[in-house]
Amino acid sequence: IFVTTTDQFSANNLIGSANTAPFEIATDYKATAPGKYYFWVAYDFNANAAEGNLGIAALTAYTANGAETSTMASITAQTAMKAGKKGVYTVGEGGDYATIQAAVDDIATGIEGAVTVNILSGEYNEKVNIPEIPGASDVNTVTIQSATGNYSDVKIFHNAYTDPGYNKYGVVTFNGADYVTLRGVTVTSTDKTFPALVYMINTSQHDTVDACHLYTDRIESTTTAEQLVLVRQLAIDKENCNNDYFTLSNCLLEGGYRGAIIGGTSYVALTHQTGCVVEGNTFRDNAASALSAYSGDNNITIRGNVIENNTTTLSRGFNGFDLQFGDNCIVEGNTMHIDLGVEAIGIYVRKGASTADKRSRIVNNEVSVKSSDYTSAAIKVNGKTPNAAIKVNGKTPNVDIAYNTAVVAGHENNVACYLNDAMEAMTVRNNIFLARDNGLVYRTDKDADAAAITFSNNVLHTNGTV
């Protein structure tokens with residue numbers, strides 16, 4: 001039995017289960033606040049059930065507060081067993097399907113085992129919509145990949161976006177799909193009005209984009225109509241509608257307005273997105289930011305990525321990482337080399353809400369920021385100026401900044417580590433902070449802000465006045 005507070009099913013809150021008949025399920029679940037609660041009864045079928053057999057479940061009574069209550073009428077659900085897809089299929093000339101969408105549509109009728117769709121080398125001019133696939137699970141996964149494993153051999157593109165209003169789409173759209181991996185393909189478009197090349201919507205969970213090349217021209221437009229993001233998640237502001245446990249790994253993301261936007265609902269009263277991983281990617285010449293994750297997600301890991309942006313013609317400010325921390329957020333082992341003539345920040349944390357037992361950390365990163373614009377920084381926590389390698393902005397409690405190398409150059413007002421508010425339980429330890437061109441090693445705007453931070457064992461250098 002699962003419980004939710006909306007009519008949207010979610011497997012996040014299991015309150016009881018039984019494995020043998022009769023299925024009497026005991027739970028000590030308590031509704032602690034006024035409101036409407038939905039209790040969902042789910043059950044598994046025997047994997048050897050014959051096709052055509054009926055699975056029937058009926059709820060006839062429940063016990064609450066020690067009193068048994070019969071339902072006014074028997075609540076019955078049933079479904080018939082049918083065979084599903086499994087195994088390996090091929091897309092392309094001479095294959096099982098002519099198009100990627102045809103393969104997806106067929107497996108979307110249901111699967112009963114792991115499915116791999118191998119795409120033969122070639123160019124595929126189509127929009128690919130991947131819906132929820134019945135039967136998909138952590139065992140019965142779906143992998144859509146180039147047959148050779150080389151992203152240069154398969155190009156998925158579409159160069160004409162038609163705005164449908166509410167139900168926007170990408171060149172490839174994960175539309176409620178779970179346990180699906182897109183691997184080793186190129187996805188691109190020349191139409192800058194697409195919201196994303198790869199778009200994740202409608203509670204798509206446990207999905208992966210791996211070893212892909214995602215690219216378009218760099219977009220510096222200030223109009224919202226032309227702000228194509230290479231990989232983008234979107235969640236409606238409703239309980240249990242996040243795109244949890246997404247992995248973006250080993251990809252090359254070039255150009256666009258932003259490289260990736262990862263995040264669920266930002267409403268304080270709703271459960272925040274969790275479990276996303278961004279690892280081993282290269283972000284190159286994105287216009288506004290490489291990675292934005294500013295919804296306050298929990299348990300996000302950003303590890304081992306490379307950011308390259310030496311675009312001398314860039315006309316707008318640039319953030320390497322633009323973040324807002326929830327619980328247990330990890331930014332680790334990333335490398336950034338940013339050399340611009342505009343405002344530039346390497347790691348920018350807008351604010352955070354990590355708890356004492358689920359601290360977040362910025363560790364073992366190498367961040368180099370060079371900018372002649374006076375608002376640049378290597379690490380920055382909150383605030384608008386200056387440029388920084390690391391900047392932390394707003395009250396950001398329970399964060400450890402350790403073992404980073406942060407270098408800033410290009411202007412005397414630039415800062416290696418800018419901490420711009422009264423932090424709580426923050427530590428800054430064992431870092432190397434280097435400020436060239438008469439820049440600053442640390443900056444806080446109030447004496448009290450610095451007093452609330454624990455600094456220790458940092459190596460500091462500036463050729464400016466100390």
Side-chain angles (χ1 to χ4, degrees), residues 127-131 156-158 161-178 180-182 185-210 212-221 223-237 241-249 251-266 272-273 275-279 281-297 300 302 305 307 318-324:
K127 299 171 292 183
V128 180
N129 180 67
I130 309 172
I156 305 171
F157 72 99
H158 195 72
Y161 180 72
T162 302
D163 191 346
Y166 180 75
N167 295 312
K168 299 183 187 299
Y169 59 90
V171 177
V172 177
T173 305
F174 289 72
N175 189 0
D178 299 331
V180 175
T181 294
L182 180 68
V185 301
T186 293
V187 184
T188 187
S189 178
T190 59
D191 191 336
K192 300 176 183 179
T193 62
F194 267 102
L197 295 181
V198 176
Y199 202 27
M200 307 197 69
I201 57 175
N202 291 338
T203 323
S204 296
Q205 298 185 342
H206 300 279
D207 295 316
T208 298
V209 176
D210 178 63
C212 293
H213 185 195
L214 312 168
Y215 77 91
T216 188
D217 292 340
R218 190 178 71 250
I219 301 170
E220 298 182 41
S221 173
T223 65
T224 56
E226 293 188 349
Q227 293 189 352
L228 189 157
V229 179
L230 304 183
V231 177
R232 183 172 191 169
Q233 291 187 303
L234 180 68
I236 62 175
D237 292 317
C241 290
N242 292 312
N243 301 293
D244 296 324
Y245 303 105
F246 170 57
T247 297
L248 175 64
S249 57
C251 293
L252 172 59
L253 300 97
E254 289 190 281
Y257 184 70
R258 299 185 191 274
I261 297 178
I262 305 298
T265 179
S266 59
H272 282 204
Q273 184 164 286
C276 293
V277 176
V278 180
E279 185 169 22
N281 304 284
T282 296
F283 296 87
R284 182 177 296 158
D285 294 337
N286 316 116
S289 64
L291 171 65
S292 296
Y294 40 57
S295 298
D297 291 1
I300 185 170
I302 304 168
N305 301 283
I307 294 178
F318 176 79
N319 297 325
F321 295 155
D322 187 352
L323 311 173
Q324 179 174 328

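In what follows, every heavy atom counts, from backbone to side chain, and hydrogens, waters and symmetry copies are set aside. Bear in mind that the values here come from a model prediction, so they are computed numbers and not experimental data.
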Could you tell me whether the side chain of Asp210 and the main chain of Thr208 form a donor-acceptor pair under 3.5 Å? no

Kindly determine whether Phe157 and Val187 satisfy side-chain contact (heavy atoms from CB on, under 4.5 Å), including the steps that lead there. CA-CA 6 Å; Phe157 72 99; Val187 184; over 6 Å; no

Rounded to the nearest 0.5 Å, what separates atom OH in Tyr294 from atom CD1 in Ile262? 11.0 Å

For side-chain hydrogen bond (donor to acceptor under 3.5 Å, both in side chains), just list the numbers for Thr265 and Asp237, CA-CA rounded to whole Å, side-chain angles, deciding distance to a tenth of an Å, and then say yes or no. CA-CA 5 Å; Thr265 179; Asp237 292 317; 2.7 Å; yes

Just do the side-chain contact (heavy atoms from CB on, under 4.5 Å) check on Ile201 and Thr173 with the steps written out, would you? CA-CA 8 Å; Ile201 57 175; Thr173 305; 3.9 Å; yes

Spacing of Asn202 atom CG and Ile236 atom CD1 [to the nearest 0.5 Å]: 7.0 Å

Assess the side chains of Asp297 and Ser295: does a donor N or O sit below 3.5 Å from an acceptor N or O? no

Ser189 and Val171 have their tightest heavy-atom pair at CB-CG2, 4.0 Å

Apply side-chain contact (heavy atoms from CB on, under 4.5 Å) to residues Tyr257 and Leu228 and explain how you reach the verdict. CA-CA 5 Å; Tyr257 184 70; Leu228 189 157; 5.6 Å; no

Stepwise salt bridge (charged side-chain N to carboxylate O under 4.0 Å, His left out) test for Asp217 and Lys192: CA-CA 8 Å; Asp217 292 340; Lys192 300 176 183 179; 5.2 Å; no

Evaluate the ring planes of Phe194 and His158, with Trp represented by its six-membered ring, and classify them as parallel (under 30°), tilted (30 to 60°) or perpendicular (over 60°). perpendicular

Do Asp178 side-chain atoms and Gln205 backbone N/O form a donor-acceptor pair below 3.5 Å? yes

With side chains defined as the heavy atoms from C-beta onward, is the minimum distance between Thr190 and Thr216 less than 4.5 Å? no

Evaluation steps, side-chain contact (heavy atoms from CB on, under 4.5 Å), between Leu248 and Leu253: CA-CA 11 Å; Leu248 175 64; Leu253 300 97; 4.3 Å; yes

For the residue pair Met200 and Asp207, establish whether any side-chain heavy-atom pair is separated by less than 4.5 Å. yes

Closest non-hydrogen atoms of Phe283 and Gly259, given as atom of the first, atom of the second and distance, are CD2-CA, 4.2 Å

Is there a side-chain contact between Phe174 and Val209, using heavy atoms and a 4.5 Å cut-off? yes

Using only atom types and a distance under 3.5 Å, with no angle test, would you say the side chain of Asn243 pairs donor to acceptor with the backbone of Leu234? yes

Quick one: does any side-chain atom of Asn319 pair with a main-chain N or O of Ser289 as donor and acceptor, under 3.5 Å? no

Between Gln273 and Asn242, is there a donor-acceptor pair closer than 3.5 Å when you use the side chain of the first and the backbone of the second? no

Kindly indicate whether the side chain of Tyr215, heavy atoms from C-beta on, has any atom under 4.5 Å from the side chain of Leu252. no

Let me confirm one number: the OG-CD distance from Ser204 to Gln233, rounded to the nearest 0.5 Å. 8.5 Å

Value for CD (Gln227) from CZ (Arg232), rounded to nearest 0.5 Å, stands at 8.5 Å

Considering all heavy atoms of both residues, which atom of Pro131 and which atom of Ala177 are nearest to each other, and what is their separation? O-CB, 3.4 Å

Nearest heavy atoms of Ala235 and Cys241, plus distance in Å: CB-O, 3.5 Å

For the backbone of Thr162 and the side chain of Tyr169, can you confirm whether one donor and one acceptor N or O come within less than 3.5 Å of each other? yes

Can you check whether Phe246 reaches Val231 side chain to side chain, under 4.5 Å on heavy atoms? yes

Is the side chain of Asn305 donor-acceptor paired with the backbone N or O of Val278 at a distance under 3.5 Å, no angle test? yes

Could you grab the distance from atom CG of Asn281 to atom SG of Cys212, nearest 0.5 Å is fine? 10.0 Å

To the nearest 0.5 Å, atom CG of Asn129 lies from atom CG of Asn175 at 4.5 Å

Would you check if Asn286 and Arg258 make a side-chain contact, meaning some heavy-atom pair closer than 4.5 Å? no

Taking C-beta and beyond as the side chain, do Asp163 and Lys168 meet within less than 4.5 Å on heavy atoms? yes

With a 4.5 Å heavy-atom cut-off, do Leu291 and Ile302 have their side chains touching? yes

I'd like to know if the side chain of Asp285 reaches the main chain of Glu254, judged simply by a donor and an acceptor atom lying under 3.5 Å from each other, with no hydrogens or angles considered. no

